[in-house]
Amino acid sequence: MAQGKPRVRFAPSPTGYLHIGGVRTALFNWLWARKTGGTFVLRIEDTDQERSTPENEAIILRELRWLGLGWDEGPEVGGEHGPYRQMERLPIYQEFVEKLIAAGAAYRCYCTKEELDAQREALKARDPKAQFRYPGTCRDRTGPAPDRPFVIRFRAPSSGSVTYRDLVFGEVVTPNNTQQDAVLVRADGVPLYNLGAVVDDITMGITLVARGRDHMINTPPQILLYQALGAPVPQFAHLPMMLAPDGQKLSKRHGAVSVGEYRERGIPAVGLLNYLVRFGWSFGDEEIFPMQDLVQKFSWENCSKADGKFDAKKLAAIAFEHLKSSALTPDDAYLDNTLPFLEKRGLSGFDREAVRAVLPLIRERAQTYADAADALDYFFRDLPVYDEKAVKKFLVADKAPHLRAVRDLFASIDDFSAKNLEARFGELLAEKKLEIKDVAQPVRVAISGRTATPGLFDVLALIDKPRVLARLDHALSLIAASSGAG
RNA sequence: GGUCCCAUCGUCUAGCGGUUAGGACACCGGCCUCUCACGUCGGUAACGCGGGUUCAAUUCCCGCUGGGAUCGCCA
């Protein structure tokens with residue numbers, strides 16, 4: 001096989017958002033490049049001018065960077081094999097097409113799309129099950145070339161077969177008699193997928209093509225093209241497909257499928273990647289991997305061949321594992337990622353170290369950075385946002401004496417540590433012959449506005465004395481107002 | 001229909017001839033407990049079917065069934 005370091009690529013079409021299935025393909029390629037010291041190339045396949053947009057390309061680049069899947073060659077970073085957008089490579093395809101024609105491996109076809117469509121429909125009308133194949137009208141045309149637009153077709157062999165050894169699927173044999181003279185270049189001179197991909201992979205020195213199994217059907221015709229061009233055939237690795245829970249193609253109607261949606265929900269990039277890498281790949285019983293471990297452990301041999309179904313709950317659980325662990329997600333990273341979500345809630349200008357101090361309390365409760373911001377919310381307001389139901393249930397008249405007693409107790413305490421607060425609180429309960437159950441919830445609602453928070457004393461200690469007292473006062477006034485009104 | 005591919009709990013998977021078929025998520029119970037979580041203990045749950053090969057098949061081979069991909073001047 002090819003000498004030197006592997007060169008792999010991710011070649012998305014900028015025809016929409018970045019799909020998580022595409023991310024998995026990018027990830028596997030990226031991991032292989034990192035593991036082997038190879039090169040990860042990003043190529044934009046924008047030959048579908050109807051649907052490709054610069055905006056979509058920008059989104060793809062931005063999301064890949066957010067994921068941490070940086071590329072060694074490609075748009076914005078350059079490289080020796082550019083340009084990296086197919087529409088900027090038209091002269092290169094032209095050159096290769098001329099080679100093919102000169103070698104008799106391709107020919108000009110003057111049949112129009114309309115003619116072919118009509119033939120296709122006529123056949124379908126006669127026999128709905130029949131498959132239409134290009135009849136070869138222009139294959140051996142002689143005489144002067146008509147003055148009409150033409151496409152370039154591949155002269156596909158009708159005998160023999162193509163065999164390749166897939167790194168995931170093993171040996172795959174496909175007879176050539178099922179191939180047809182596929183169009184290589186449109187009438188407008190823009191190449192189609194198979195030609196563009198092959199020429200680019202040749203000229204960019206790609207040694208291993210790893211892509212989704214939906215492309216497996218393209219591999220034999222592509223190999224035929226490599227052979228016709230006299231170019232070395234790269235290795236191939238096809239990845240099983242990630243389907244929707246209902247077994248259909250994973251699309252928008254099944255929920256979130258674009259990376260952006262996960263980013264906006266506060267799913268950590270490493271969590272998403274960890275979920276995706278475990279989809280179709282395994283390393284014994286291990287489930288949670290730091291990225292640096294993945295780079296080391298990844299291999300094609302441990303890829304599975306069976307398609308799978310996407311499971312949002314599993315993704316959430318794996319992301320949560322990363323958020324819970326300060327080894328996996330250090331405080332600083334956690335903070336950097338949570339701050340935007342706090343700002344989205346209208347919170348800003350707070351002390352980063354103050355947020356850091358609360359982190360241990362919320363890590364085990366927040367499945368996403370958005371959850372974290374929610375759990376952090378009442379720590380950084382003068383008064384919490386009071387949940388209506390919680391107020392109605394716990395800030396009621398018969399709890400007022402308890403709250404007042406707690407307020408007076410707290411006012412007298414100087415050591416506002418969680419430990420001391422708990423001890424003194426216990427004394428108060430004993431004195432009043434109360435159960436903590438009777439008092440904890442009203443106090444919790446008074447200081448946080450909600451019924452579910454981390455341990456009461458930890459929360460109190462972090463909110464600090466003046467604000468705790470202010471909130472208890474506010475809660476008492478709410479009770480007074482409601483009982484007065486009622 | 002042609003071609004290609006696949007097949008272990010509901011889901012992601014371990015297994016690479018001999019295992020009480022393991023783990024994780026989800027689900028159901030118990031414990032912990034000031035709420036919510038975390039944690040922890042336990043439970044339900046799988047080798048699609050039929051033939052071979054073998055002393056022995058989840059594992060190897062064939063067929064069937066089922067599922068998926070693709071059959072475009074989309075990628």
Side-chain angles (χ1 to χ4, degrees), chain A residues 11-13 15 45-48 50-52 109 111-113 116-117 120 127-133 149-153 166 168-170 172-175 177-180 182-188 190-194 196-197 211-220 238 240-243 245 247-249 275 278-288 302 304-318 320-321 324 361-367 375 390 394 422 425 429 435-445 448 450-457 459:
Chain A
S13 290
T15 52
E45 305 209 332
D46 55 356
T47 54
D48 182 350
E50 298 279 308
R51 298 189 299 149
S52 298
C109 168
C111 302
T112 65
K113 189 174 193 313
L116 262 13
D117 284 347
R120 204 185 327 263
D127 178 2
K129 288 178 181 171
Q131 77 161 325
F132 177 77
R133 295 176 64 180
F150 58 86
V151 300
I152 307 295
R153 282 184 187 274
D166 192 287
V168 173
F169 286 89
V172 180
V173 183
T174 308
N177 58 22
T178 62
Q179 300 297 343
Q180 58 173 323
V183 174
L184 260 22
V185 182
R186 295 174 173 89
D188 64 4
V190 177
L192 253 25
Y193 172 70
N194 276 337
R211 72 234 297 200
R213 188 177 64 78
D214 48 338
H215 284 295
M216 211 160 172
I217 202 89
N218 288 320
T219 303
H238 290 96
M241 309 218 42
M242 184 161 65
L243 304 168
Q248 302 297 298
K249 208 165 181 175
Y275 173 75
R278 276 287 289 109
F279 200 107
W281 176 84
S282 61
F283 196 80
D285 278 345
E286 289 183 46
E287 294 256 46
I288 307 298
N302 289 328
S304 68
K305 299 188 265 200
D307 294 344
K309 294 170 184 172
F310 176 75
D311 183 351
K313 283 185 173 168
K314 181 91 178 183
L315 164 55
I318 287 182
F320 189 25
E321 289 300 320
K324 269 189 292 193
L361 265 41
I362 63 160
R363 286 187 99 112
E364 63 205 24
R365 273 166 259 259
Q367 296 224 351
F394 292 105
E422 183 162 15
F425 199 85
L429 293 175
E435 298 276 339
I436 191 168
K437 286 179 191 157
D438 303 325
V439 192
Q441 283 302 76
V443 173
R444 169 171 283 113
V445 174
S448 72
R450 46 182 93 178
T451 55
T453 76
L456 184 57
F457 304 104
V459 172

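Note on naming: letters A, B, ... go to the chains in the order of the sequence lines (proteins, then strands), and numbering restarts at 1 for each one.
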**Asked** For A:Leu243 and A:Arg120, take the nucleotide of RNA chain B holding the closest heavy atom to each; which residue's nucleotide lies nearer the 5' end?
**Response**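 The answer here is A:Leu243.
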
**Position toward the 5' end of RNA chain B (nearest nucleotide), A:Val183 or A:Thr174** =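 It is A:Thr174 whose nearest nucleotide is closer to the 5' end.
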
Distance between the [atom1] atoms of [N] and [M], in whole angstroms?
N: B:C38; M: B:C25; atom1: P; result: 11 Å
N: B:A24; M: B:C61; atom1: P; result: 31 Å
N: B:U44; M: B:A21; atom1: P; result: 14 Å
N: B:C36; M: B:G42; atom1: P; result: 24 Å
N: B:A45; M: B:C28; atom1: C1'; result: 12 Å
N: B:A75; M: B:U70; atom1: P; result: 14 Å
N: B:U11; M: B:A26; atom1: P; result: 16 Å
N: B:C49; M: B:G66; atom1: P; result: 15 Å

**Request:** Report the C-alpha distance between A:Arg186 and A:Lys113 in whole Å, list the side-chain angles of each, state the deciding distance to 0.1 Å, and finish with yes or no for side chain to side chain contact (heavy atoms under 4.5 Å, CB included).
**Result:** CA-CA 10 Å; A:Arg186 295 174 173 89; A:Lys113 189 174 193 313; over 6 Å; no

**Request:** Quick one: pull up CD1 in A:Ile152 and CG in A:Leu192 and give me the separation to the nearest 0.5 Å.
**Result:** 12.0 Å

**Asked** Atom OG1 of A:Thr219 and atom CZ of A:Arg211: how far apart are they, to the nearest 0.5 Å?
**Response** 4.5 Å

**Prompt:** Does anyone know the first and last nucleotide of RNA chain B in reach of chain A, 5' to 3', at under 4.0 angstrom to a heavy atom?
**Reply:** B:G1 to B:A75

Using a 4.0 Å heavy-atom cut-off, does [X] contact any base of the nucleic acid, only the sugar-phosphate backbone, or nothing at all?
X: A:Lys313; answer: sugar-phosphate
X: A:Gln248; answer: sugar-phosphate
X: A:Asn218; answer: base

**Prompt:** Just by modelled atom types, is the A:Gln179 backbone N or O under 3.5 Å from a matching donor or acceptor in the A:Arg133 side chain?
**Reply:** yes

**Item:** Closest non-hydrogen atom pair between A:Ile318 and A:Tyr275, with its separation
**Value:**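 Scanning both residues, the minimum pair turns out to be CG2-N, 3.9 Å.
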
**Closest contact, heavy atoms only, A:Gly308 versus A:Phe279** = C-CZ, 3.2 Å

**Item:** Neighbour count above 12 (heavy atom, 6.0 Å) for A:Lys249 NZ
**Value:** no

